[in-house]
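Just below is one structure, and these are the notes that go with it.
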Amino acid sequence: MSHPARRIATQGYHPVSKFQHWLMALIWIAAWIIGFVAVHFRDTLNAHHELTIVHKALASTVVFLTLLRIVWRWKHPAPPLPSSMSPGMRKAAHAAHIALYAFALVALPLSGWMWSSVADKPIMLLGLFKLPPLVAPAPEFYGLAKMVHQWLSWTIGLLVVGHVAAAVKHHLVDRDGVLQSMLPTRNAAD
Ligand code: HEM
Ligand code: HEM
């Protein structure tokens, strides 16, 4: 017989880390859906670029929130994963989280910023501040920049779907406390 009490993750993320995770998850998912609707329902719902403007205003906050989050994460490590996970699975979970930081939270918004820069289009952070272009306007790179952002948004969308599916599996199948470690109910380690 195994000892259920020893198999579950007993510590949670720091409350600030949880707040950062859920705020950014909300912004990220909303930005993805708005970007998708802006492109694929252009004539009906985005005739005057209103959704494109909202997409850029919201999604551009991700770069700066990520900087804050990485600084915070440096000093506040994640709680240990449950001992029921094999070393290989723990390594995979760790690698997946690094990939989320690198691709979903850094590379994807930077690729959007790059696209708007080469297209010579403004990005208004939260509709308030104009971000400086990353590079000078370059119409010859428009197609490439567009392809990179669109391709990244779809592949990283799949990564995020995998991340959410893993969290649900931990909760429903493994029942190992990993989802609770990110929920407001589980306290951080003393
Ligand atoms: C500085 C940040 C960003 C900028 C400037 C930006 C810019 C853009 C622009 C201009 C479009 C095309 C909209 C249109 O043609 O009407 C677009 C599409 C899109 N963006 Fe972003 N974006 C940024 C960040 C993000 C982030 C963080 C995500 C993911 C959450 C994302 C996901 C998407 C998606 C899914 C599409 C539609 C792609 C397609 O299906 O063709 N973008 N983005
Ligand atoms: C409903 C949606 C989501 C659920 C249920 C969820 C759940 C979780 C859980 C349970 C953890 C802790 C995993 C562990 O310690 O092994 C976690 C961590 C993480 N999640 Fe999510 N998540 C969601 C959406 C997102 C989104 C949209 C992003 C970013 C695009 C994201 C990025 C991350 C990152 C980077 C970590 C690692 C945190 C760290 O260790 O610093 N999550 N998530």
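Counting starts at 1 for both ligands and their atoms, following the listed order. Keep in mind the model is a prediction, meaning the values are calculated, not measured.
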Heavy-atom pair of closest approach, residues A104 and W28: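 Heavy atoms only, the tightest pair is O-NE1, 3.0 Å.
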Contact summary for L126 and T61, nearest pair of heavy atoms: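 Nearest heavy atoms, L126 then T61: CG-CG2, 3.6 Å.
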Side-chain heavy atoms of K18 within contact of L183, under 4.5 Å: no
Can you list the atoms of ligand 2 that are under 4.0 Å from a heavy atom of [X]?
X    : result
V164 : 2 (C), 3 (C)
V160 : 27 (C), 30 (C)
A78  : 40 (O)
A104 : 30 (C)
L179 : 10 (C)
W22  : 3 (C), 4 (C), 5 (C), 6 (C)
H97  : 13 (C), 14 (C), 16 (O), 18 (C), 36 (C), 37 (C)
L100 : 32 (C), 33 (C), 34 (C), 35 (C)

Is [X] close to ligand 2, meaning an N/O of one under 3.5 Å from an N/O of the other?
X    : answer
H163 : yes
R69  : no
S181 : no

Close-contact set for ligand 1 against [X] heavy atoms, below 4.0 Å:
X    : answer
S153 : 32 (C), 33 (C), 34 (C), 35 (C), 38 (C)
S116 : 5 (C)
N46  : 16 (O)
W32  : 29 (C), 30 (C), 35 (C)
I123 : 5 (C)
L108 : 26 (C), 28 (C), 29 (C)

Please determine if [X] has a nitrogen or oxygen closer than 3.5 Å to a nitrogen or oxygen of ligand 1.
X    : result
H149 : yes
W28  : no
W154 : yes
Q150 : yes
R42  : yes

Proximity to ligand 1 by part of [X], non-hydrogen separation under 4.0 Å:
X    : answer
I156 : neither
S60  : both
H49  : neither

Worked check of side-chain contact (heavy atoms from CB on, under 4.5 Å) between S60 and W113: CA-CA 8 Å; S60 55; W113 192 345; over 6 Å; no
Heavy-atom nearest neighbour in the protein, as seen from [atom], with distance rounded to 0.1 Å:
atom                    : result
atom 36 (C) of ligand 1 : G35 C, 3.6 Å
atom 32 (C) of ligand 1 : H55 CE1, 3.5 Å
atom 3 (C) of ligand 1  : G112 CA, 3.7 Å
atom 16 (O) of ligand 1 : T52 OG1, 2.7 Å
atom 24 (C) of ligand 1 : A59 CB, 3.3 Å
atom 9 (C) of ligand 1  : W115 CZ3, 3.5 Å
atom 40 (O) of ligand 1 : H40 NE2, 2.7 Å
atom 1 (C) of ligand 1  : P109 O, 3.4 Å

Joint cluster assignment, I156 & I98, ILVMFWY side-chain distance < 4.5 Å: no
Proximity of H21 to ligand 2 by residue part, where a heavy atom lies under 4.0 Å: side chain
Q180 touching ligand 2 at heavy-atom level, < 4.0 angstrom: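 In this structure, Q180 fails to qualify as a contact of ligand 2 - no heavy atom is under 4.0 Å.
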Atom 28 (C) of ligand 2 within contact range, any protein heavy atom under 4.0 Å: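 It does not; no protein heavy atom is within 4.0 Å.
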Criterion side chain to side chain donor-acceptor pair (under 3.5 Å) against S111, the qualifying member of K146, Q150, H149: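 Testing each of K146, Q150, H149 against S111, the sole residue satisfying side chain to side chain donor-acceptor pair (under 3.5 Å) is H149.
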Intermediate values then yes/no, side-chain contact (heavy atoms from CB on, under 4.5 Å), L100 and V160: CA-CA 8 Å; L100 283 169; V160 169; 3.9 Å; yes
Between W72 and S17, a side-chain donor and acceptor under 3.5 Å: yes
